[in-house]
J.: 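First, the structure itself, so that you have it in front of you.
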Amino acid sequence: MEKRSNLIEERRQKAKRLLERGVPIYPTGFRPQTSVEKIFSAYGQLSEEELEAKQIPCSVAGRIMALRNFGKACFLHLKDETGKIQVYVRKDKLGEEKYKNFKLMELGDIIGVKGHLFRTKTGELTVLADQVELLAKSLRPLPEKWHGLTDVETRYRQRYLDLIVNDPVREVFKTRSKIVQEFRSFFLSRGFMEVETPMMQPIPGGATARPFKTYHNALGMELYLRVAPELYLKRLIVGGFEKVFELNRNFRNEGISVKHNPEFTMLEFYVAYATYEDLMVLTEELFLHVVQQVFGKSEIEYQGNVIDFKGPWPRLSFFGALKELGGVSQKALEDRQEAAEYAESIGVKVDSKDSRGKILTKIFDHLVEPKLIQPHFVVDYPIEVSPLSRRSEKDPTIAERFELFIGGREIANGFNELNDPDDQRKRFEQQVAMREAGDEEAQFMDEDYIVALEHGMPPTAGEGIGIDRVVMLLTDSPSIRDVILFPHMRPRKN
RNA sequence: GGGCCGUUAGCUCAGUUUGGUAGAGCAGCGGACUUUUAAUCCGUUGGUCACAGGUUCGAUUCCUGUACGGCCCA
């Protein structure tokens, strides 16, 4: 049991005194008839005289965020989900006993107020209270009123405090909700079906990433938290659904950084009889739709750069971008050894087991990705880093794949799906070989998935979009933790 | 995993350079106050200085380690 500070003791004393006075401290049933936002939009323009003449009644509820006491009267600010409004409480309005009860309410308490609107001397729209009712006692003090809560650790661990006192944080999460809604409505309006596929998978597939492992007692089997929904969504394409999407969490057992949280939100969608070129066009429309719906314009600012979402966006080839933006020589593009030496020379660590494609990808991440601030598609990736993508007919070492970069970050990844079961088996076998050589991110053999492909999957293109990164971009947030309500933290000792 | 930085009252921060058990503002508590809005005025409580060792007569301060967090790199 934690030692209680004086502040908590004093709050508990007040709670006790309220109870002794017959005032319930956690009652139910108060129903506010309006919200702060509605009050301001309906009556915010009325003058002192108009308010006086109309005697507009109102009933609101919220948390006490500021108190200014005058002995026989008191001003307070009440905050609900939509905003803050001032309340004026007078002893002569409430009466002796009710006012005594009110004086036992304090900063942080949730109260309900009934009264009518007026304007103070300084012109602020205010509720003159006829009734003040305690709705929930707060037993702990709020962070300081002026400087608020800035300690990032507390902000993440006790996000509710962050949300109570830091309005910009509230805005980020409201915007996140709108963004997610717009993604969803875009796909629904274009005839996609939203589906849910397993989060717990016997074989984790669909991405090169280390999975979390868990255990099912009744079945006596190990299960993995999914790293991607991809292989299940494509089974649905085999099953005859032609346009599907899933918007939900993935789990990857990897480090935590400004760009990575162990669980993160991914949107994946698949379109039968489409190509990755079609998806690039769809993606341009999608982002423009989301940005315009949420912000009412097609440009946003991210970390000092104005980003314009109007398409079409440039398409660069992976190899061309490496050459032009990364300064990689033709020889290094073709030869693994040359590539490795170049990587080392620019401070990129190369593992002896890394393939040429893997090394080039690392160089790309280091030199090219940070330069792609405006939306850019990068197309045609090395086949060895694209084990689920269709092979190009023109060049079998190339995958028909694109990635989308915005703000110097990878935002989306899409490709023509590999629907040749024999080729898929070979690709899995290569992954298994890499896994056996010690690459814990390499993929597993999934026989069941190959059987699905053997039944015939229509030519399909699919794409995944990292929603957290999109939200970072659109809310000008430098860290993924600023857009995840409860980011992963180590437990605090004790 | 490596480097750098941080952790002092409920919150926001001083203080540590040069070792002698800590200060402010807000919040709280007591008092005054019926149009304030960072209300004001008077008085006042509150600290295992993250944790554990070491050096020292004496450590919040110096040293080492640990935990948690942040930034950068991998």
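Order of the sequence lines fixes the chain letters, A, B, ..., with proteins taken first and strands second; residue numbering starts at 1 for each chain.
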J.: Would A:Glu334 and A:Arg356 pass as an ion pair if we require N to O under 4.0 Å?
T.: no
J.: Taking the side chain as everything from C-beta on, heavy atoms only, tell me whether A:Leu125 gets closer than 4.5 Å to A:Phe40.
T.: yes
J.: Which part of the nucleic acid, if any, lies within contact of A:Gly255, taking any heavy atom under 4.0 Å across all strands shown: a base, the sugar-phosphate backbone alone, or nothing?
T.: nothing
J.: Could you please name the partner base of B:U21, counting Watson-Crick and G-U wobble pairs only when both distances are under 3.5 Å?
T.: none
J.: Can you figure out which of B:U35, B:A39, B:C72 approaches the side chain of A:Arg68 most closely?
T.: B:A39
J.: Between B:U55 and B:C29, how far apart are the C1' atoms? Round to whole Å, please.
T.: 43 Å
J.: For a quick check of understanding: with a heavy-atom distance under 4.0 Å over all strands, which category does A:Phe118 fall into, base, sugar-phosphate or nothing?
T.: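 Counting heavy atoms under 4.0 Å across all strands, the contact made by A:Phe118 includes a base.
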J.: Considering Watson-Crick and G-U wobble pairs with both distances under 3.5 Å, what does B:A50 pair with?
T.: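 With both distances under 3.5 Å, B:A50 matches B:U66.
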J.: Which whole-number value in Å describes the distance from A:Gln158 CD to B:G69 C1'?
T.: 14 Å
J.: Select base, sugar-phosphate, or nothing to describe what A:Thr150 touches, counting heavy atoms under 4.0 Å on all strands.
T.: sugar-phosphate
J.: Is it the case that more than 12 heavy atoms not belonging to A:Lys323 sit under 6.0 Å from its NZ atom?
T.: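 Open: at most 12 neighbouring heavy atoms sit under 6.0 Å from NZ of A:Lys323.
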J.: Could you check whether A:Asp151 gets within reach of a base, just the sugar-phosphate, or nothing at all, counting any heavy atom under 4.0 Å?
T.: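 If one applies the 4.0 Å heavy-atom cut-off, A:Asp151 turns out to touch the sugar-phosphate alone, with no base involved.
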J.: Could you measure between the two C1' atoms, the one in B:G65 and the one in B:C26, and give it in whole Å?
T.: 37 Å
J.: On the side chain of A:Gln86, is there an atom forming a donor-acceptor pair with the base of B:U36 - under 3.5 Å, no angle test?
T.: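 Side chain to base: pair found, below 3.5 Å.
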J.: How many Å lie between NZ on A:Lys93 and P on B:U35, as a whole number?
T.: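 These atoms are roughly 15 Å apart.
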J.: By the 4.0 Å heavy-atom rule, please label A:Val165 as base, sugar-phosphate, or nothing.
T.: nothing
J.: Consider the side chain of A:Leu149, meaning its heavy atoms from C-beta on, and name the nucleotide among B:C68, B:C11, B:C72 that approaches it most closely.
T.: B:C11
J.: Kindly check if the number of other-residue, nucleotide or ligand heavy atoms within 6.0 Å of NZ (A:Lys174) is above 12?
T.: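 For A:Lys174, atom NZ is crowded (more than 12 foreign heavy atoms under 6.0 Å).
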J.: If you look at every heavy atom in A:Glu410 and A:Glu369, which pair is closest and at what distance?
T.: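 Looking at all heavy atoms of both residues, the shortest contact is N-OE2, 3.7 Å.
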J.: Looking across every strand, which nucleic acid part, if any, lies under 4.0 Å from A:Arg157 by heavy atom: base, sugar-phosphate, or nothing?
T.: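 Answer is sugar-phosphate: A:Arg157 comes under 4.0 Å of backbone atoms only.
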J.: Establish, for the pair A:Arg435 and A:Phe444, whether the NZ or CZ atom is under 6.0 angstrom from the six-membered ring centre and no further than 45 degrees off its axis.
T.: yes
J.: Classify every nucleotide of nucleotides 23-33 of chain B by which part a protein heavy atom approaches to under 4.0 Å, writing B for the base, S for the sugar-phosphate alone and - for neither, in 5'-to-3' order.
T.: --BBSSS---B
J.: If you define the side chain from C-beta out and look only at heavy atoms, does anything of A:Thr265 sit under 4.5 Å from A:Arg176?
T.: yes
J.: With a 4.0 Å cutoff (strictly under), does any side-chain N or O of A:Arg90 reach OP1 or OP2 of B:U34?
T.: no
